[in-house]
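Below is one structure; the comments refer to it alone.
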Amino acid sequence: MRFSNLHQHTTFSDGKNTAEEIVLSAIERGMESIGFSDHSHTKIDESYCMLPSDIVAYHKEIDRLKEKYASQIKIFKGIELDYYSTVDRKDYDYIIASIHYLYDGKRFYAIDHTIEHQLDYIKDYCNGDKNILAKDYYDLLIKHVKNCKPDFIGHVDVITKFGVYDEDNEKYKEIAKNAVREMIKYCNVFEMNTGAISRKKRTLPYPERFLLEEILSLGGEIVISADSHASDTVDFYFKECVEILKDVGFKYFLKFDGEKFYKEYI
Ligand SMILES: [Zn+2]
Ligand SMILES: [Zn+2]
């Protein structure tokens with residue numbers, strides 16, 4: 001089975017390697033395709049994302065690599081679109097919709113960055129109730145998905161990154177499942193994201209198993225992606241993801257041909 005990764009960061013945003021280094025690594029690993037998805041520009045926090053000038057260079061470089069390596073690997077140009085960004089979607093082969101912030105107009109809380117940001121939000125806005133953060137996060141993600149109608153939804157339960165939500169937190173599970181039920185009306189493709197495993201923050205991919213089961217029961221589909229920030233993690237934990245998907249009951253996952261998804265049966 002040949003893999004594809006559509007969630008890849010480079011030095012154009014917060015990745016460690018250049019786009020060309022990543023292409024060479026993907027070719028070496030025998031991958032079928034690689035899609036770049038650097039972070040869209042967010043005015044509220046420019047520390048991790050592409051600046052407008054980077055975006056011009058990003059287009060030029062990915063177009064150059066598409067041409068240079070055309071005989072060896074398929075290359076796609078996507079973007080990881082945050083809620084606090086706007087892009088012209090015709091400039092990209094695909095769009096990933098992700099939430100990285102809760103923002104009150106003055107201060108941003110980078111909910112996937114450190115646990116302190118999550119704990120501060122829970123203190124400042126939730127009277128200590130972490131499930132309120134979950135509700136606020138999922139409501140914003142639903143709004144984002146509804147507005148931008150992405151090709152797929154990024155790290156759907158990223159707020160579980162730091163272990164704030166215990167396995168027996170039924171209220172959290174209900175909030176997350178309700179959110180999936182709502183957003184699937186606008187986009188039925190979710191990514192299985194291994195980025196937090198390669199960065200040693202989690203031992204299993206997003207989404208958690210109960211959400212995978214929910215997605216399957218609603219007819220949702222899965223694309224496996226690495227959310228990779230380096231050239232050595234472009235297909236990290238993909239074989240294991242296939243096993244998890246099979247175990248949950250999925251019969252296939254999705255791959256991308258540059259215009260649309262197609263099924264890879266497992
Ligand atoms: Zn992200
Ligand atoms: Zn990412």
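This is a predicted model, so every value here is computed, not measured. Both counts, for ligands and for their atoms, begin at 1 and track the order of listing.
The minimum distance between the Zn ion (ligand 2) and any N, O or S atom of D227 involves atom OD1. Residue-level check: among N/O/S atoms of H9, NE2 sits closest to the Zn ion (ligand 2).
Taking backbone and side chain together, H7 holds no N, O or S atom under 2.8 Å from the Zn ion (ligand 1). Taking backbone and side-chain atoms together, H39 has no N/O/S atom less than 2.8 Å away from the Zn ion (ligand 1).
Using modelled atom types, one side-chain atom of T42 and one backbone atom of D45 make a donor-acceptor pair closer than 3.5 Å.
Atom NZ of K135 is surrounded by 12 or fewer heavy atoms from other residues, nucleotides or ligands within 6.0 Å.
Checked against the 6.0 Å centroid criterion, the rings of Y103 and F108 do not qualify as a close aromatic pair.
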With a 3.5 Å cut-off and sequence neighbours excluded, list the donor-acceptor pairs that the side chains of residues 121-128 form with protein atoms.
{"from": "Y121", "atom 1": "OH", "to": "D136", "atom 2": "OD2", "distance (Å)": "2.6"}
{"from": "D124", "atom 1": "OD2", "to": "Y109", "atom 2": "OH", "distance (Å)": "2.8"}
{"from": "Y125", "atom 1": "OH", "to": "D104", "atom 2": "OD2", "distance (Å)": "2.6"}

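In this structure Y252 satisfies the side-chain hydrogen bond (donor to acceptor under 3.5 Å, both in side chains) test together with E221, sequence neighbours excluded.
Put simply, the angle at the Zn ion (ligand 1) from OE2 in E80 to NE2 in H100 is close to 100°, to the nearest 10°.
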